[in-house]
Amino acid sequence: MILRLLALLALFAAAPAAAQSRAEIERTMRRATEYMVERVADHGGYVWNYLPDLSRRWGEMEAEPGMIWVQAPGTATMGHVFLDAYNATGDAYYYDAAARAADALIAGQHRSGGWNYFIHQSGPGAARRWYETVGRNGWRLEEFQHYSDNATFDDAGTAETMQLLLRLYMVRHEARFRAPLDRAIRFVLASQYRGGGWPQRFPFDPRYPAYQRFVTFNDDVAKENIRFLIMAGRALDRPELLVAARRGMAAFLATQGPAPQAGWGLQYDLRGRVAGARTYEPRALVTHTSATNVEQLMEYYRLTGERRFLARIPDALDWLESVRLPDGIGPRDRRFPTFVEIGTNRPLYVHRRGSNVVNGRYFIDHDPARPIAHYSQFRGIDLARLRRDYDALAAVPADEAMRGSPLLARRPFPRFFIVGGLAAGSDFSSAARLDPARIVRALNEAGYWPAPLTMTSHRYVGPGSRRVTPGDYGITQVGDETDTSPYPDPTPATGISTAAYIANMARLIRALEAR
């Protein structure tokens, strides 16, 4: 997803042009927002991409009318940029737009207090039918092949939505946002294991694969929950949330492997052992997750001043160095295998055969040739930078490292989340390089910023055949015509993109703030 966002940002980048007046920027922002709110939104909610006539629409998979997406850059992300615009302009229209987005999310809040990947406004029956048709036939998107009556922390959808409700409550202290916010906080606390980690999904649904129960680091589940608990604990003056956040930090220490394989896996079973998840996520140590966890341990030293968070970082960095790939294997800018076999330290590579979800199979071996393309088997990690950051931080006394920590003192609640880089699951920092003058000029007569829809999908035409369709689908992002997985469009249509809208709005808000 991040790569698609970067591609959209690059489209709108240009050499600096003449500065626009504040009035012109505000008119452009308001006009673009009115189009999204009054023409595109579905009862206040959004997916990711739309054809101009709204005849087809997509979140992570193709959606249908009545569906809104929780995952970024979906409904909560739009709510955050609306609130950023409200704080930059004082225009109540943006607050109302954010509140409508929140209302759509509240309407789809699971009774447990969390959220699933999407909300179908026509109810559970319509959601099940989508799972049984479009979802079930997405070969590479196994999380959508099973309907489950629970909520998920995956892809930061729940975390970003909780942030939005907290922000709205902090602006005007409206009671209608406090009740669903409190339900969400109870969800985070109830789902936390005694050891501090969180499962991918909660409560557990026996119809879903067993990995839903596993302690999860994948897609920053623990990181985002800890960050939210600290934010909410301070904003609402609830110290018990800060205690839960500290317990979450301890899970990073408890799960780190012993030297010489001092890394982390994506998930851990209930006995604390590294575990696999989806069929293309084998039981293995994972390099990019390990690098991310190292960065989190450094952040937790800055938050707490406790040197235990630094103690075993050198072991993790030494392990990463030990699995660096030799020249000639993998892309030149991705020198680390994604998966590393426990015990042997040998890289593992995922492959697939077949043509669709019915006849297709994933398999794992040690051969780097022809790995799957939809889940990168090679990672770019700036190990030298991690070592420099660690060395610098290790030399800083605890009291100095903690200066400004929200665990020490309450701080003003942030005004900007998209612009400030705080929204869970959303990274629009690259929007800073866009040119405001070009953004103003690019808004079309209809009122939206045309963007290339770089991903498309086959329409659902029925279940896949047991007979393999001729062709080579081993390294493609999509299988035969029955595979509903999104794939890169060689001739992208031009349409409406929430990512393009958010990036452009973020840059215009920055321009207003600079004035």
Side-chain angles (χ1 to χ4, degrees), residues 153 156 159-160 162-163 166-167 188 192 195-198 215-217 219-256 262-264 287-320 381-427 429:
F153 289 115
E160 193 170 51
M162 294 188 297
Q163 287 181 332
L166 178 62
R167 287 188 77 188
V188 177
Q192 187 178 25
W198 284 270
V215 172
T216 301
F217 290 107
D219 289 323
D220 294 330
V221 166
K223 168 188 170 182
E224 294 298 351
N225 284 346
I226 291 167
R227 188 163 67 148
F228 171 76
L229 287 170
I230 294 172
M231 188 181 298
R234 277 305 180 198
L236 303 175
D237 195 20
R238 292 185 57 178
E240 76 277 15
L241 303 187
L242 305 182
V243 173
R246 283 181 174 270
R247 285 176 51 217
M249 297 177 200
F252 286 75
L253 300 176
T255 51
Q256 185 178 4
W264 287 264
T287 55
H288 66 282
T289 296
S290 297
T292 298
N293 284 5
V294 164
E295 292 180 323
Q296 286 307 115
L297 290 175
M298 288 192 275
E299 175 63 17
Y300 298 152
Y301 176 63
R302 298 184 190 99
L303 287 170
T304 68
E306 298 175 13
R307 297 197 73 85
R308 62 181 180 143
F309 291 113
L310 298 181
R312 295 199 58 219
I313 287 178
D315 291 346
L317 299 179
D318 288 346
W319 173 71
L320 284 169
I381 297 171
D382 191 345
L383 191 53
R385 179 188 62 81
L386 289 175
R387 287 194 185 278
R388 290 194 302 270
D389 290 349
Y390 165 76
D391 290 341
L393 189 60
V396 177
D399 56 349
E400 184 179 338
M402 288 184 69
R403 193 171 297 152
S405 168
L407 294 180
L408 287 180
R410 192 170 181 175
R411 296 156 64 182
F413 197 78
R415 293 176 63 223
F416 300 110
F417 273 59
I418 299 297
V419 176
L422 296 178
S426 302
D427 181 7
S429 57

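All heavy atoms count here, side chains included; hydrogens, waters and symmetry mates do not.
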Just verifying a value: how many Å separate I313 CD1 and L386 CG, rounded to the nearest 0.5 Å? 9.0 Å
Testing the basics here: between L310 and A394, what is the closest heavy-atom pair and its distance to 0.1 Å? CD1-CA, 4.0 Å
Interatomic distance, T304 atom OG1 to F309 atom CZ [nearest 0.5 angstrom]: 4.5 Å
Does anything in residues 229-255 pair up under ring-ring contact (aromatic ring centres under 6.0 Å, His included), and if so which pairs, sequence neighbours excluded? F217-F252, F252-Y300
Applying side-chain contact (heavy atoms from CB on, under 4.5 Å), name anything that partners R410, two or more places apart in sequence or on another chain. R234, D237
The salt bridge (Lys or Arg N to Asp or Glu O under 4.0 Å) partners of R388 (sequence neighbours excluded) come to none
Salt bridge (Lys or Arg N to Asp or Glu O under 4.0 Å) pairs, two or more places apart, involving residues 300-311: R246-E306, E299-R302, E306-R308
Going by the rule side-chain contact (heavy atoms from CB on, under 4.5 Å), which residues pair with D318 if we only count those two or more places apart in sequence or in a different chain? R387
Identify, with sequence neighbours excluded, every residue that meets side-chain hydrogen bond (donor to acceptor under 3.5 Å, both in side chains) alongside D391. none
Got a donor-acceptor contact below 3.5 angstrom from the R411 side chain to the G404 backbone? yes
State whether R403 and E400 are salt-bridged, where the test is any N-O pair (Lys NZ or Arg NE/NH1/NH2 against Asp/Glu carboxylate O) under 4.0 Å. no
Q192: what forms a side-chain contact (heavy atoms from CB on, under 4.5 Å) with it, not counting sequence neighbours? W198, A244, R247
Residue list, salt bridge (Lys or Arg N to Asp or Glu O under 4.0 Å) with R415, at least two apart or on another chain: E513
Any idea which heavy atoms bring G197 and A251 closest together, and the distance? N-CB, 3.7 Å
Looking at residues at least two apart in the chain, or sitting in another chain, which of them share a side-chain hydrogen bond (donor to acceptor under 3.5 Å, both in side chains) with T255? W264
For D219, salt bridge (Lys or Arg N to Asp or Glu O under 4.0 Å) partners two or more places apart: none
Would you mind reporting whether L303 and M249 have side-chain heavy atoms less than 4.5 Å apart? yes
Pair R385 + E295, salt bridge at N-O below 4.0 Å: yes
L422 versus R227, closest heavy-atom pair with distance: O-NH2, 3.0 Å
Could you tell me if the side chain of V221 sits less than 4.5 Å from the side chain of V215, heavy atoms only? no
d(L383 CG, L317 CG) to nearest 0.5 Å is 5.5 Å
Using the salt bridge (Lys or Arg N to Asp or Glu O under 4.0 Å) criterion, which residues pair with R312? Sequence neighbours excluded. D315
Where do D389 and V294 land on the side-chain contact (heavy atoms from CB on, under 4.5 Å) test, with the steps shown first? CA-CA 10 Å; D389 290 349; V294 164; over 6 Å; no
Starting at OG1 of T216, measure out to CZ of F153 and round the result to the nearest 0.5 Å. 9.5 Å
Rounded to the nearest 0.5 Å, how far does CZ of F413 lie from CG of L166? 4.0 Å
On a heavy-atom basis, which atom in A159 and which in E224 lie closest, and how many Å separate them? CB-CB, 3.8 Å
Atom pair CD1/OG1 of I381 and T287 - distance to nearest 0.5 Å: 4.0 Å
Using the side-chain contact (heavy atoms from CB on, under 4.5 Å) criterion, which residues pair with A423? Sequence neighbours excluded. H80, E160, Q163, F417, I418, S426
Of all heavy-atom pairs linking P397 and Y301, the shortest is C-OH, 3.5 Å
Is there a side-chain contact (heavy atoms from CB on, under 4.5 Å) between Q296 and I226 once you walk through the steps? CA-CA 10 Å; Q296 286 307 115; I226 291 167; over 6 Å; no
Indicate yes or no: at least one non-hydrogen side-chain atom of V188 is less than 4.5 angstrom from one of L241. no
Compare every heavy atom of G305 with every heavy atom of A398, then report the nearest pair and how far apart it is. CB-O, 3.3 Å
